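Take a look at the structure set out below.
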Amino acid sequence: MESDIAQAARIVAESRHLVAFTGAGISAESGIPTYRGAGGMWSKYDPARFASIDAFLEDPSYYWSFFKEERYPVLKAARPNPGHEALARLERSGRLRSVITQNIDGLQQMAGSKNVIELHGNTRTIACLKCGRTYSMDEIHAQLASRAIPECRGCDGLLKTTVVMFGENLPAAALREAFEQAAACDVMLCVGSSLVVHPAAAVPGAALDGGARLIIVNQDPTPLDHRAVVALKGKAGDILPRLAA
Ligand code: OAD
């Protein structure tokens with residue numbers, strides 16, 4: 001393991017165009033549960049009910065009670081951990097060009113990263129599906145103290161977080177930028193993702209197809225481990241600071 005970390009650190013140091021691709025695992029040490037596996041969100045909540053656009057449009061109250069009771073308190077309390085901070089340091093030092101993230105928690109930006117491509121939207125912004133008026137997470141949480149479904153102040157439209165739900169398209173500009181970065185990079189650092197949710201999971205494959213070398217940092221095996229130059233098993237908060245040193 002030690003020599004694998006040294007090899008990965010050398011590849012990072014020698015890269016010309018380094019890009020990171022992150023998933024829920026990088027935020028696990030900040031107290032935000034991942035989606036899959038034991039203790040993951042989808043073992044407790046059925047994604048077909050709590051994270052699908054059809055179910056949301058049919059009855060938004062399930063989502064908003066999940067937001068109020070489960071998501072808001074966890075996201076509000078979470079702070080960046082040494083993994084996020086290591087990626088922010090790599091960007092500040094000029095080595096890391098961008099972080100492509102599937103995460104909706106905003107922790108990478110809170111750690112100081114400027115070039116963050118959010119493939120799955122975020123929970124910071126809640127928008128009216130009819131008039132487009134936007135609200136902060138705090139404003140909406142305050143509304144949920146007295147009502148099951150928050151209301152738009154400007155019209156009678158339905159409010160929704162900008163988090164991409166199953167059945168919705170990913171934001172086109174973010175997806176395009178992610179594939180541009182994948183094609184341009186010579187090293188992609190994949191951190192804390194099961195790499196099974198498409199189309200996001202196709203981004204590391206596109207980097208490989210463009211000739212980039214892949215470094216994977218993840219607790220569990222991923223379907224791309226066999227194509228990575230190094231696949232490091234462990235916690236992002238332990239490993240990333242050593243890669244960025
Ligand atoms: P997953 O929950 O699928 O995978 C998280 C991965 O992180 C797992 O493979 C864990 O082994 C690993 N992991 C856990 N803790 C870790 C740690 N401390 N350090 C390193 N690795 C760790 O999460 P994602 O791949 O991000 O989509 O899931 C992709 C998408 O599926 C999410 O963006 C979400 C979900 O449905 C939407 O909400 C649209």
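Keep in mind that what you see is a predicted model, and the values were worked out from it rather than measured. We count ligands from 1, going down the list as the structure has it; atoms in each ligand are counted the same way.
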Could you name the protein residues that come within less than 4.0 Å of ligand 1, counting only heavy atoms, and order them by chain and residue number?
Gly23, Ala24, Gly25, Ala28, Glu29, Thr34, Tyr35, Arg36, Trp42, Gln102, His120, Val164, Phe166, Gly192, Ser193, Ser194, Val197, Asn218, Gln219, Asp220, Gly234, Lys235, Ala236
Is Val229 linked to Met188 within one hydrophobic cluster, defined over Ile, Leu, Val, Met, Phe, Trp and Tyr using a side-chain heavy-atom separation of less than 4.5 Å?
no
Atom [atom1] of [X] and atom [atom2] of [Y]: how far apart are they, to the nearest 0.5 Å?
X      : Y      : atom1 : atom2 : answer
Cys152 : Lys130 : SG    : NZ    : 9.0 Å
Ser43  : Arg36  : OG    : CZ    : 11.0 Å
Arg79  : Ile32  : CZ    : CD1   : 10.0 Å

Taking the basic N atoms (NZ, or NE/NH1/NH2) and the acidic carboxylate oxygens, is any pair closer than 4.0 Å for Glu151 and Arg153?
yes
Test Thr22 against every option in Leu87, Leu119, Leu240, Ile100 by the side chain to side chain contact (heavy atoms under 4.5 Å, CB included) rule and name the one that passes.
Leu87
